[in-house]
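Residue numbering restarts at 1 for every chain, and letters A, B, ... go by the order of the sequence lines. Values below: every heavy atom of this structure, side chains too, minus hydrogens, waters and symmetry copies.
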2 protein chains.
Amino acid sequence: MASGQGRVLELAVLGSLHETPLHGYELRKRLNALLGMFRAFSYGSLYPCLRSLLARGLIAEEQPASTTIVGGRSKIVYKLTAEGKERLQDLLTQAGPSAWEDESFGVHFAFFRHTEAEVRLRILEGRRSRLEERLDAVRTALARTRERLDSYTLELQRHGLESVEREVRWLNELIATERRASEEPGRDTTSTDE
Amino acid sequence: MASGQGRVLELAVLGSLHETPLHGYELRKRLNALLGMFRAFSYGSLYPCLRSLLARGLIAEEQPASTTIVGGRSKIVYKLTAEGKERLQDLLTQAGPSAWEDESFGVHFAFFRHTEAEVRLRILEGRRSRLEERLDAVRTALARTRERLDSYTLELQRHGLESVEREVRWLNELIATERRASEEPGRDTTSTDE
DNA sequence: GCGTCGATGTATCGAGCCGATACATCCCGA
DNA sequence: TCGGGATGTATCGGCTCGATACATCGACGC
């Protein structure tokens, strides 16, 4: 168990490499463009993660192949191995708290294309109850202390509450869409695999 | 420099204790109610922080005082020292990137009541440019890869973009309000100190 | 030709922070 | 009376970030 390595980053890397082989620098750029609004991975976590994945045989270095030896600029291109693809499918199938917490939800969502419809639905719903829990907690706390709060604190609470409420509405729409798509006779959005 | 201890948590603790003395458990509850929507501090960072603050003389243990010795339940109540108040004023005056990043902005905002009007304005504006930077980056990246993206990724981007745009509009309103208040002749919102 | 500046690229280190966990006490209801 | 849930303090392993170091490449002016 010495690796651990934070399932989120692992999923993000595996998922990205599933599309096309990449080297570290480019991988980071893609990831941060993909998730730009939610999080930003740093080299300090990316490189250790790549090393761990390499050691576990989930990714492999791609030979420069006679064609690409132009400059000779050192560049290590990684690609997914068969085991890596299995592991990716595994991670994509997991619909637990680790899929709908703040830091991980975005990453899971970003790869929904490769996720089964049923799992998508469970993650969406899990995310929604997570947010509703938080909403309840804050609303309760707020009700007990409303008088004592100054206008800035109040405004912060109001803004936070509103943002989360909006995300819940967003999730509601997504869930409805998913339900409609899965019940619809003709079309199947799942597109079995790649 | 052995302490460091993450200025954000330090500010949060000092700011909370400025209102009233508290013990760890209660402190955490207040903090997480105050910032519920944005972050949640854990004991794993809170207690080390308290220890560090104690060692630096910024907070002190409060004697149970003859009145409160009812149960005898071990409980360590901390209060701000004079040095602690100075340090708090110091932290509240800092308007640097450390004040408007994702993790810290909420905390700074929560204590705006104790912050000078000028500093408030600079933090608000700093936060806004930070978000606008991010907006630019993502929009640029999006424009270059739009065709290649599946509908889920696109939806994620759209939602993220929209959320950040909303926060920018919120900041715009706050900034306008601040400006109006500071230019207004009669009222002064700053309320010099406690 | 020559310097240099910014983007590309790999990599590590210190330090902060979280989640899980352990342990103890108090109080309330079945 | 007994167990569970809130209160309360505390630590540990391990992940992650920000800063930093180092090297090469291409383009630009001069």
Chemist: Side chain of S42(B) only, heavy atoms from C-beta on: which candidate in dC18(C), dC17(D), dG8(D) is closest?
Modeler: dC18(C)
Chemist: For the backbone of P48(A) and the side chain of S52(A), can you confirm whether one donor and one acceptor N or O come within less than 3.5 Å of each other?
Modeler: no
Chemist: Using whole Å, what does the distance between atom P of nucleotide dT25(C) and atom NE2 of H23(B) come to?
Modeler: 18 Å
Chemist: Can you tell me how far the CG atom of L174(B) sits from the CD atom of E167(B), to the nearest 0.5 Å?
Modeler: 9.5 Å
Chemist: Compare the minimum distances between each of dC18(C), dT16(D), dG8(D) and the side chain of F41(B), then state the nucleotide with the smallest one.
Modeler: dC18(C)
Chemist: Mind checking R39(A) for me? I need base, sugar-phosphate or nothing, with any heavy atom below 4.0 Å counting as a touch.
Modeler: sugar-phosphate
Chemist: Is the side chain of Q157(A) donor-acceptor paired with the backbone N or O of A33(B) at a distance under 3.5 Å, no angle test?
Modeler: yes
Chemist: Can you check the E101(B) CD to dG16(C) P distance for me, whole Å?
Modeler: 18 Å
Chemist: Could you go through nucleotides 11-13 of chain C and list every protein N or O atom that sits under 3.5 Å from one of its N or O atoms, giving the distance for each pair?
Modeler:
from	atom 1	to	atom 2	distance (Å)
dT12(C)	OP2	R51(A)	NH2	2.6

Chemist: Can E10(A) and R56(A) be said to form a salt bridge (charged side-chain N to carboxylate O under 4.0 Å, His left out), step by step?
Modeler: CA-CA 12 Å; E10(A) 184 174 319; R56(A) 288 190 284 158; 2.8 Å; yes
Chemist: Give the rounded distance in Å between these two atoms: CD of E10(B) and P of dG16(C).
Modeler: 11 Å
Chemist: Would you check, one step at a time, whether the test salt bridge (charged side-chain N to carboxylate O under 4.0 Å, His left out) holds for R30(A) with E19(A)?
Modeler: CA-CA 11 Å; R30(A) 294 228 186 175; E19(A) 326 267 323; over 6 Å; no
Chemist: Rounded to the Å, how far apart are L27(A) CG and dT8(C) C1'?
Modeler: 15 Å
Chemist: When you look at R158(A) and E162(A), which way does the salt bridge (charged side-chain N to carboxylate O under 4.0 Å, His left out) test go after all the steps?
Modeler: CA-CA 6 Å; R158(A) 201 198 54 70; E162(A) 194 183 304; 2.7 Å; yes
Chemist: Figure out the CD/P separation between E26(B) and dC26(C), and round it to whole Å.
Modeler: 18 Å
Chemist: Rounded to whole Å, please give me the gap between CG in L53(A) and C1' in dC15(D).
Modeler: 14 Å
Chemist: Between the two ends of the helix from dG1(C)-dC30(D) to dA30(C)-dT1(D), what is the bend in degrees, rounded to 10 degrees, where each end axis spans five pairs?
Modeler: 30°
Chemist: Charged N to carboxylate O below 4.0 Å: is that the case for D102(B) and R127(B)?
Modeler: yes
Chemist: Tell me the interatomic distance from K29(B), atom NZ, to dA6(D), atom P, rounded to whole angstroms.
Modeler: 10 Å
Chemist: More 5' along DNA chain D: E103(B) or V77(B), using each one's nearest nucleotide?
Modeler: V77(B)
Chemist: Atom CD of E61(B) and atom C1' of dT9(D): how far apart are they, to the nearest Å?
Modeler: 12 Å
Chemist: If the test is ring-ring contact (aromatic ring centres under 6.0 Å, His included), which one of W100(A), W170(A), F38(A) qualifies with F109(A)?
Modeler: W170(A)
Chemist: Which of these, R179(A), R130(A), R120(A), sits in a salt bridge (Lys or Arg N to Asp or Glu O under 4.0 Å) with E125(A)?
Modeler: R179(A)
